[in-house]
Amino acid sequence: MYTAHPDRYAEMPYRRTGRSGLKLPALSLGLWHNFGPDRPVETQRAILRRAFDLGVTHFDLANNYGPPPGSAESALGEALRADFAAYRDELVISTKAGYLMWPGPYGEWGSRKYLLSSLDQSLSRMGLEYVDIFYSHRPDPDTPLEETMGALHTAVQQGKALYVGVSNYSAEQTREAARILAELGTPLLIHQPRYSMLDRRPETGGLLDTLDELKVGSIAYSPLEQGLLTGRYLDGIPEDSRAASDSPFLNSDAVTEELVGKLRTLHEIAGSRGQSLAQMALAWVLRQGRVTSALVGASSPRQLEDSVAAVGNLDFDADELARIDKIVKG
């Protein structure tokens with residue numbers, strides 16, 4: 001039987017999420033492509049146990065995570081029953097709905113029918129009475145935002161979610177979503193944008209400024225840019241890498257000689273900080289405290305340990321930041 005490490009809260013920093021009372025670990029675990037039937041159950045459970053032992057109290061999912069869709073939530077449900085039943089109140093568990101989950105006109109986007117039925121299915125797969133955070137995974141161009149935010153509010157009113165968030169919303173959409181939710185009496189807790197050293201859109205598009213103004217938290221996904229910032233591509237494209245596969249998220253055309261040159265120079269800066277490139281990339285996203293938490297995936301406990309080690313040095317001096325900007329922006 002699993003017993004959590006007694007010193008699990010000793011090293012991980014926790015950050016307040018916006019103006020709420022909820023604190024999230026600086027690094028959260030995303031159960032995306034490494035939690036499905038094609039992965040050994042014991043490996044999945046070992047990753048979750050190691051995460052919790054290291055103070056990673058937040059497990060982030062979506063209804064369509066797997067593959068196949070739903071399998072990540074089912075895998076977590078099995079792990080919760082086997083290992084974490086006694087620790088539920090020490091965990092923050094989030095899920096989302098917005099992308100295609102089942103056929104027909106009610107299986108995706110942002111209608112009230114889809115969001116609330118999806119949440120019921122997610123809770124059933126995980127064996128939970130509630131999730132801590134329920135997200136609208138993407139804005140729906142054809143559904144009034146009032147309906148989508150109203151569904152999130154209803155989830156809280158029903159006791160099926162403690163907090164609500166949005167993901168992939170623009171600064172303007174986020175501002176309007178926050179306004180609607182505030183009028184309903186359910187504050188917008190958090191936004192989950194894609195953000196990394198190589199993808200600065202939350203900065204350039206004004207999203208981070210908007211979140212600061214609204215006092216809404218943020219949790220960055222793909223902070224390692226689909227593996228580009230892990231150091232795997234310093235010598236080109238490995239045969240077993242995501243870029244060498246048929247992944248829709250990263251293809252070989254993106255790994256240019258110019259990019260590889262930038263990655264090598266960033267790797268040198270990381271080395272001067274006593275970090276791997278991945279650790280520096282995570283630290284960069286978390287710099288200055290503007291981002292509440294960064295989401296990491298893991299295919300093994302060792303990989304997770306390497307990511308968590310990034311919290312040992314989250315500070316950058318002005319020269320380091322200027323050098324990184326010069327490299328990335330060219």
Student: Less than 4.0 angstrom from a charged side-chain N to a carboxylate O is my criterion; do R264 and E257 meet it?
Tutor: no

Student: Do I324 and L234 share a hydrophobic cluster, counting only Ile, Leu, Val, Met, Phe, Trp and Tyr and linking them when any side-chain heavy atoms are less than 4.5 Å apart?
Tutor: yes

Student: Is it true that S28 and S293 share a donor-acceptor pair across their side chains at a distance under 3.5 Å?
Tutor: yes

Student: Taking atom OH of Y135 and atom OG of S94, what is their separation to the nearest 0.5 Å?
Tutor: 5.0 Å

Student: Show, in sequence, the C-alpha distance, side-chain angles and deciding distance for Y130 and Q158, and conclude whether the side chain to side chain contact (heavy atoms under 4.5 Å, CB included) test is met.
Tutor: CA-CA 9 Å; Y130 70 93; Q158 292 177 340; over 6 Å; no

Student: Answer with yes or no whether the side chains of D306 and Q279 bring together a donor and an acceptor at under 3.5 Å.
Tutor: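 There is such a pair between these side chains.
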
Student: What are the two closest non-hydrogen atoms of L29 and A51, and how far apart are they?
Tutor: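 Smallest heavy-atom distance, with atoms named: CD2-CB, 4.1 Å.
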
Student: Closest heavy-atom contact between L145 and A177?
Tutor: CD2-N, 3.7 Å

Student: Roughly how far, to the nearest 0.5 Å, is CG of L207 from CG of D212?
Tutor: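 These two atoms lie 9.5 Å from each other.
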
Student: Please confirm whether the backbone N or O of E320 pairs with a side-chain atom of D317, one donor and one acceptor, at under 3.5 Å?
Tutor: yes

Student: Is there a donor-acceptor pair under 3.5 Å between the side chain of S218 and the backbone N or O of R290?
Tutor: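 Yes: the side chain of S218 pairs with the backbone of R290.
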
Student: Using a strict 4.0 Å threshold on nitrogen-to-oxygen distance, state whether K160 and E129 make a salt bridge.
Tutor: no

Student: Is there side-chain contact between R175 and E213, with heavy atoms separated by less than 4.5 Å?
Tutor: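 Sidechains of E213 and R175: in contact.
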
Student: On the ring face of F316, is R273 found with NZ or CZ under 6.0 Å from the centre and within 45° of the axis?
Tutor: yes

Student: Check each of T292, L189, V216 against S20 using the side-chain contact (heavy atoms from CB on, under 4.5 Å) test, and report the only one that passes.
Tutor: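 Of T292, L189, V216, side-chain contact (heavy atoms from CB on, under 4.5 Å) with S20 is met by L189 alone.
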
Student: With rounding to the nearest 0.5 Å, note down the distance linking CG in L22 to CD1 in I190.
Tutor: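 Here the interatomic distance stands at 7.5 Å.
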
Student: With no hydrogens and no angle check, is any side-chain donor or acceptor of R194 less than 3.5 Å from a backbone partner on P202?
Tutor: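 Flag not set: sc R194 to bb P202 has no pair under 3.5 Å.
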
Student: Tell me, do L198 and L259 make a side-chain contact under 4.5 Å, heavy atoms counted?
Tutor: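 Counting from C-beta outward, L198 and L259 do come under 4.5 Å.
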
Student: Before giving the answer on side-chain hydrogen bond (donor to acceptor under 3.5 Å, both in side chains), spell out for S222 and Q226 the whole-Å C-alpha distance, their side-chain angles and the decisive distance to 0.1 Å.
Tutor: CA-CA 6 Å; S222 292; Q226 298 295 323; 3.1 Å; yes

Student: I'd like to know whether Y163 forms a side chain to side chain contact (heavy atoms under 4.5 Å, CB included) with L188, so could you lay out the CA-CA distance, the side-chain angles of the two residues, the decisive distance to 0.1 Å, and finally the verdict.
Tutor: CA-CA 8 Å; Y163 303 92; L188 178 62; over 6 Å; no

Student: Which atom names give the shortest non-hydrogen contact between S299 and T43, and what distance separates them?
Tutor: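 Heavy atoms only, the tightest pair is O-CG2, 3.6 Å.
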
Student: Give me the ring orientation class for W102 and Y114: parallel if the planes are under 30° apart, tilted from 30 to 60°, perpendicular past 60°.
Tutor: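 Aromatic pair W102/Y114 classed tilted.
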
Student: State, to 0.1 Å, how close A270 and S276 come at their nearest heavy-atom pair, and which atoms those are.
Tutor: CB-O, 3.5 Å

Student: Tell me whether F84 is reachable from I133 by hopping between hydrophobic residues (I, L, V, M, F, W, Y) whose side-chain heavy atoms are closer than 4.5 Å.
Tutor: no

Student: Does any N or O in the side chain of S272 come within less than 3.5 Å of the main-chain N or O of I269, such that one atom is a donor and the other an acceptor?
Tutor: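 Side chain of S272 to backbone of I269: a pair is present.
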
Student: Which heavy atom in T210 sits nearest to a heavy atom in A171, and how many Å separate them?
Tutor: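 That would be OG1-CB, 3.5 Å.
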
Student: Taking side chain as C-beta onward, heavy atoms only, is R138 less than 4.5 Å from W109?
Tutor: yes

Student: For H137 and Q192, what are the C-alpha separation, side-chain angles and deciding distance, and is it a side chain to side chain contact (heavy atoms under 4.5 Å, CB included)?
Tutor: CA-CA 9 Å; H137 205 166; Q192 187 173 132; 5.6 Å; no

Student: I would like to know whether V296 and L282 meet side chain to side chain contact (heavy atoms under 4.5 Å, CB included); could you show each step before the answer?
Tutor: CA-CA 9 Å; V296 296; L282 293 170; 3.5 Å; yes

Student: Does the side chain of V131 reach to within under 4.5 Å of the side chain of V92, using non-hydrogen atoms?
Tutor: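 No, too far: nothing below the 4.5 Å cut-off.
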
Student: Using 30° and 60° as the class limits, which term best fits the ring planes of W284 and Y195: parallel, tilted or perpendicular?
Tutor: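 Rings of W284 and Y195: tilted, as their planes differ by 30° to 60°.
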
Student: Is a donor on one side and an acceptor on the other found under 3.5 Å between the side chain of S196 and the backbone of L224?
Tutor: no

Student: Looking only at the aromatic ring of each residue, does the gap between the centers of F35 and Y65 stay below 6.0 angstrom?
Tutor: no

Student: For the pair D140 (side chain) and G110 (backbone), establish whether a donor and an acceptor sit closer than 3.5 Å, ignoring hydrogens and angles.
Tutor: yes

Student: Looking only at side-chain N and O atoms, does Y221 offer a donor or acceptor that is under 3.5 Å from a partner on N168?
Tutor: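 There is such a pair (donor and acceptor under 3.5 Å, judged by atom type) between the side chains of N168 and Y221.
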
Student: Just checking, K23 and Y14: is the charged tip under 6.0 Å from the six-membered ring centre and within 45° of the axis?
Tutor: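 Geometry flag: not set, cation outside 6.0 Å or 45°.
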
Student: Can you confirm whether L286 sits close enough to R15 that some side-chain heavy atom of one is under 4.5 Å from a side-chain heavy atom of the other?
Tutor: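 Yes - at least one pair of side-chain heavy atoms lies under 4.5 Å apart.
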
Student: Are there over 12 heavy-atom neighbours, none belonging to Y106, within less than 6.0 Å of that residue's OH?
Tutor: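 At most 12 heavy atoms, drawn from other residues, nucleotides or ligands, come within 6.0 Å of this atom.
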
Student: Is it the case that more than 12 heavy atoms not belonging to R88 sit under 6.0 Å from its CZ atom?
Tutor: yes

Student: Just by distance, do the side chain of H191 and the backbone of Y169 share a donor-acceptor pair under 3.5 Å?
Tutor: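 Checked: pair present.
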
Student: Between CE of M126 and CG of L31, what distance do you get to the nearest 0.5 Å?
Tutor: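 The distance works out to 10.0 Å.
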
Student: Would you indicate whether H153, at its atom NE2, is surrounded by more than 12 heavy atoms from other residues, nucleotides or ligands within a distance under 6.0 Å?
Tutor: yes

Student: Are L229 and L266 side-chain neighbours, meaning at least one heavy-atom pair lies under 4.5 Å?
Tutor: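 When only atoms from C-beta onward are counted, L266 and L229 do touch, with a gap below 4.5 Å.
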
Student: Which heavy atom of Q44 sits nearest a heavy atom of G36, and at what distance?
Tutor: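 So the two residues come closest at NE2-O, 2.9 Å.
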
Student: Keeping R8 on the side-chain end and L54 on the backbone end, is there a donor-acceptor pair under 3.5 Å?
Tutor: no

Student: To the nearest 0.5 angstrom, please state how far the CG atom of L48 sits from the OH atom of Y2.
Tutor: 9.5 Å

Student: Does R45 reach the main-chain N or O of E42 with its side chain, forming a donor-acceptor pair under 3.5 Å?
Tutor: no

Student: Are any of the side-chain heavy atoms of T230 and L277 separated by less than 4.5 Å?
Tutor: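 No - every pair of side-chain heavy atoms lies 4.5 Å or more apart.
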
Student: When hydrophobic residues are tied together by side-chain contacts of less than 4.5 Å, even through go-betweens, does I219 share a cluster with V311?
Tutor: no

Student: Kindly say whether R112 contributes a backbone atom to a donor-acceptor pair with the side chain of E147 at under 3.5 angstrom?
Tutor: yes

Student: When you group the ILVMFWY residues by side-chain heavy-atom contacts below 4.5 Å and let the links chain together, are L24 and L214 in the same group?
Tutor: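 In one cluster: no.
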
Student: Measure the spacing between OG1 of T95 and CG of D60 and express it to the nearest 0.5 Å.
Tutor: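 Going from OG1 on T95 over to CG on D60, the span is 7.5 Å.
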
Student: State plainly whether one hydrophobic cluster holds both L128 and L152, where clusters connect Ile, Leu, Val, Met, Phe, Trp and Tyr through side-chain heavy atoms under 4.5 angstrom apart.
Tutor: yes

Student: Report yes if some heavy atom in the side chain of L321 is under 4.5 Å from a heavy atom in the side chain of Q288; otherwise report no.
Tutor: yes

Student: Is the count of non-hydrogen atoms from other residues, nucleotides or ligands lying under 6.0 Å from E305 atom CD greater than 12?
Tutor: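 More than 12 heavy atoms, drawn from other residues, nucleotides or ligands, come within 6.0 Å of this atom.
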
Student: Among side-chain atoms of S118 and N63, is any donor-acceptor pair under 3.5 angstrom?
Tutor: yes

